[in-house]
Amino acid sequence: MKFSINKSELQNALTVVHKGVSTRSTLPILSGILLQAHDDTLTMQATDLELSVQYSVSTLIEEEGETVVPGKLFFDIVKNLPEAAVSLETAEQGVTVSCDSTLFSLKTLDPQDFPSFPSIEPQQTARIPFSVFAPMVKKVARVVSRDESRAILTGVLIKVEDTHLRMVATDSYCLAIADADLEEPQDEVFEAVISGSFLQDIASLPKADELISLGLSENQIVIKYQNTVFINRRLEGNFPNYQQLLPESHTTRLSIDPRLLIAAARRIALIDTKSTPVKFDINKDSQTLQLSNTAQDIGSAQETLPAVIEGEDMMIAFNHSYVIEGLNSIDDDTVLLEIQSPSKPGVFKTDKGEKFLYLIMPVKIS
């Protein structure tokens with residue numbers, strides 16, 4: 001095998017493919033990247049047997065063939081090469097990688113030992129503009145649980161029906177919902193729970209004015225975008241009935257600039273960033289929100305912010321990190337906070353532009 005490719009093109013490809021390289025397996029072949037050079041196309045594959053990634057790119061191929069290179073090392077080498085054409089040529093029991101005046105010789109593995117790429121026939125399919133898909137994922141996926149004992153909460157529920165797209169994530173303390181209207185109706189209803197970390201990797205791919213395809217089989221997810229195919233395990237189980245958590249009414253509504261609230265919450269939390277909640281004292285007469293925090297043997301802090309307030313005065317407390325996490329997902333100049341009582345969840349939402357809701361459980365005030 002022998003081919004040449006622009007360094008930046010190769011690096012971009014490996015940035016995507018190396019996400020599938022196994023870092024834990026005892027099987028050496030899974031730590032490698034399969035390179036296949038055929039018909040003026042270089043196809044790269046990586047898998048950890050749970051996630052499989054395939055990337056194809058047009059390449060100047062002088063000799064067809066295939067090999068398996070050490071994944072992490074090859075990626076690190078390419079990242080540090082000068083901006084020039086990269087040539088790769090197989091030799092006995094290895095490959096040479098040359099770029100400008102730099103030359104590497106690497107040991108390789110037998111491509112016959114590399115697992116074949118899964119062939120999946122999706123039962124449900126959805127096609128979504130990537131420009132809509134990526135921002136929504138970034139808003140909700142940050143809320144997924146890190147606790148693998150409840151695997152379903154590590155995922156994002158994605159539902160597409162007709163022209164409506166909804167993404168939902170929760171870690172049982174917070175709940176994030178993002179909605180969007182699609183220009184083109186879908187042929188069928190699509191609904192699946194997909195790993196949040198996997199979706200974040202997909203959402204970080206280069207933006208393009210193209211569609212991303214989501215396919216669902218019995219136990220796997222197939223995602224196709226540009227010249228890349230991702231196959232990952234579908235999360236099994238029943239996603240929580242989040243609808244029953246959404247309040248139907250509120251007694252207090254506050255409207256405020258989310259950037260002001262984030263900055264103030266960060267300052268107030270400096271008193272004790274680990275455990276004590278930040279209190280929200282909402283006063284209708286003065287049209288102010290006072291944030292405060294008190295930690296025994298340390299001190300206290302408070303800050304008053306202007307706000308537009310409707311309804312009753314209210315005192316409620318939240319974990320400051322959850323508040324900041326949710327508000328960081330909001331791009332609008334104004335956010336609404338709706339509250340029923342100090343013991344029931346508070347709901348941050350947007351009233352214009354994007355459609356985003358963030359529910360957060362309160363902390364008992366001592």
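Values below: all heavy atoms of this structure, side chains included; hydrogens, waters and symmetry mates excluded.
A donor-acceptor pair under 3.5 Å is absent between the side-chain atoms of Thr43 and the main chain of Ser56, judged by distance alone. At least one donor-acceptor pair under 3.5 Å links the side chain of Thr170 to the backbone N or O of Ser172. Using a distance-only test at 3.5 Å, with no hydrogens or angles considered, no donor-acceptor pair links the side chain of Ser25 to the main chain of Ser22. Judged by distance alone, the side chain of Asp313 and the main-chain N or O of Lys284 form a donor-acceptor pair under 3.5 Å. Checked by atom type and distance alone, the side chain of Lys139 pairs as donor or acceptor with a backbone atom of Ser329 at under 3.5 Å. In this structure, the side chain of Tyr358 engages the main chain of Tyr322 through a donor-acceptor pair within 3.5 Å. At distances below 3.5 Å, not a single donor-acceptor pair connects side-chain atoms of Asp332 with backbone N or O atoms of Thr350. The backbone N or O of Arg253 lies less than 3.5 Å from no partner atom in the side chain of Ser255, so there is not a single donor-acceptor pair. Asp39 places no side-chain N or O within 3.5 Å of a backbone atom of Thr41 that could act as its donor or acceptor partner. Checking side-chain atoms of Asp147 against main-chain N and O of Ser149 turns up a donor-acceptor pair under 3.5 Å.
With a 6.0 Å radius and a threshold of 12 heavy atoms from other residues, nucleotides or ligands, Gln287 has its CD atom above the threshold. Crowding of Asp209 atom CG: a count of heavy atoms from other residues, nucleotides or ligands under 6.0 Å not exceeding 12. Within a 6.0 Å radius of NZ in Lys224, no more than 12 heavy atoms belonging to other residues, nucleotides or ligands are found. For CD of Gln296, the number of neighbouring non-hydrogen atoms (other residues, nucleotides, ligands) closer than 6.0 Å is 12 at most. Within 6.0 Å of the CZ atom in Arg127, the count of heavy atoms belonging to other residues, nucleotides or ligands does not exceed 12. Heavy atoms from other residues, nucleotides or ligands lying under 6.0 Å from CZ of Arg24 number 12 at most. Atom CD of Glu218 is surrounded by 12 or fewer heavy atoms from other residues, nucleotides or ligands within 6.0 Å.
Val168 and Phe348 are assigned to two separate hydrophobic clusters, defined by single-linkage of ILVMFWY side chains at heavy-atom distances under 4.5 Å. Residues Tyr173 and Ile316 fall within the same hydrophobic cluster, defined by Ile, Leu, Val, Met, Phe, Trp and Tyr side chains chained together at heavy-atom separations under 4.5 Å.
Here the shortest heavy-atom pairing between Met167 and Phe133 reads CE-CD1, 3.7 Å.
Between Lys2 and Glu63, no side-chain nitrogen of the basic residue sits less than 4.0 Å from a carboxylate oxygen of the acidic one, so the salt-bridge criterion is not met. Here Arg259 pairs with Asp333 in a salt bridge; the nearest charged N to carboxylate O distance falls below 4.0 Å.
Leu81 has its side chain out of reach of Asp100: every pair of non-hydrogen atoms, C-beta onward, lies at least 4.5 Å apart. Gln290 has its side chain within reach of Gln302: a pair of non-hydrogen atoms, C-beta onward, lies under 4.5 Å apart. In this structure the side chain of Asn219 reaches within 4.5 angstrom of the side chain of Glu236, judged on heavy atoms. Contact check for Arg142 versus Glu325: side-chain heavy atoms found under the 4.5 Å cut-off. The shortest distance between side-chain heavy atoms of Val347 and Leu357 falls below 4.5 Å.
With Ile152 as the fixed residue, the side-chain contact (heavy atoms from CB on, under 4.5 Å) test singles out one of Val193, Leu157, Val144: Val193. Of the residues listed (Glu312, Met314, His250, Lys344), the one engaging Ile339 in a side-chain contact (heavy atoms from CB on, under 4.5 Å) is Met314, and it is the only one.
Relative to the ring axis of Phe75, Lys79 places its NZ or CZ within 45° and under 6.0 Å from the centre.
Residues forming a side chain to side chain donor-acceptor pair (under 3.5 Å) with Thr15 (at least two apart in sequence, or on another chain): none.
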Please tabulate, for the side chains in residues 107-126, all donor-acceptor contacts under 3.5 angstrom to protein atoms that are two or more places apart in sequence or on a different chain.
residue	atom	partner	partner atom	Å
Asp110	OD1	Gln112	N	2.9
Gln124	OE1	Glu191	N	3.1

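Using the six-membered ring where Trp is involved, Tyr242 and Phe239 have ring planes that are perpendicular, over 60° apart on the 30 and 60° scheme.
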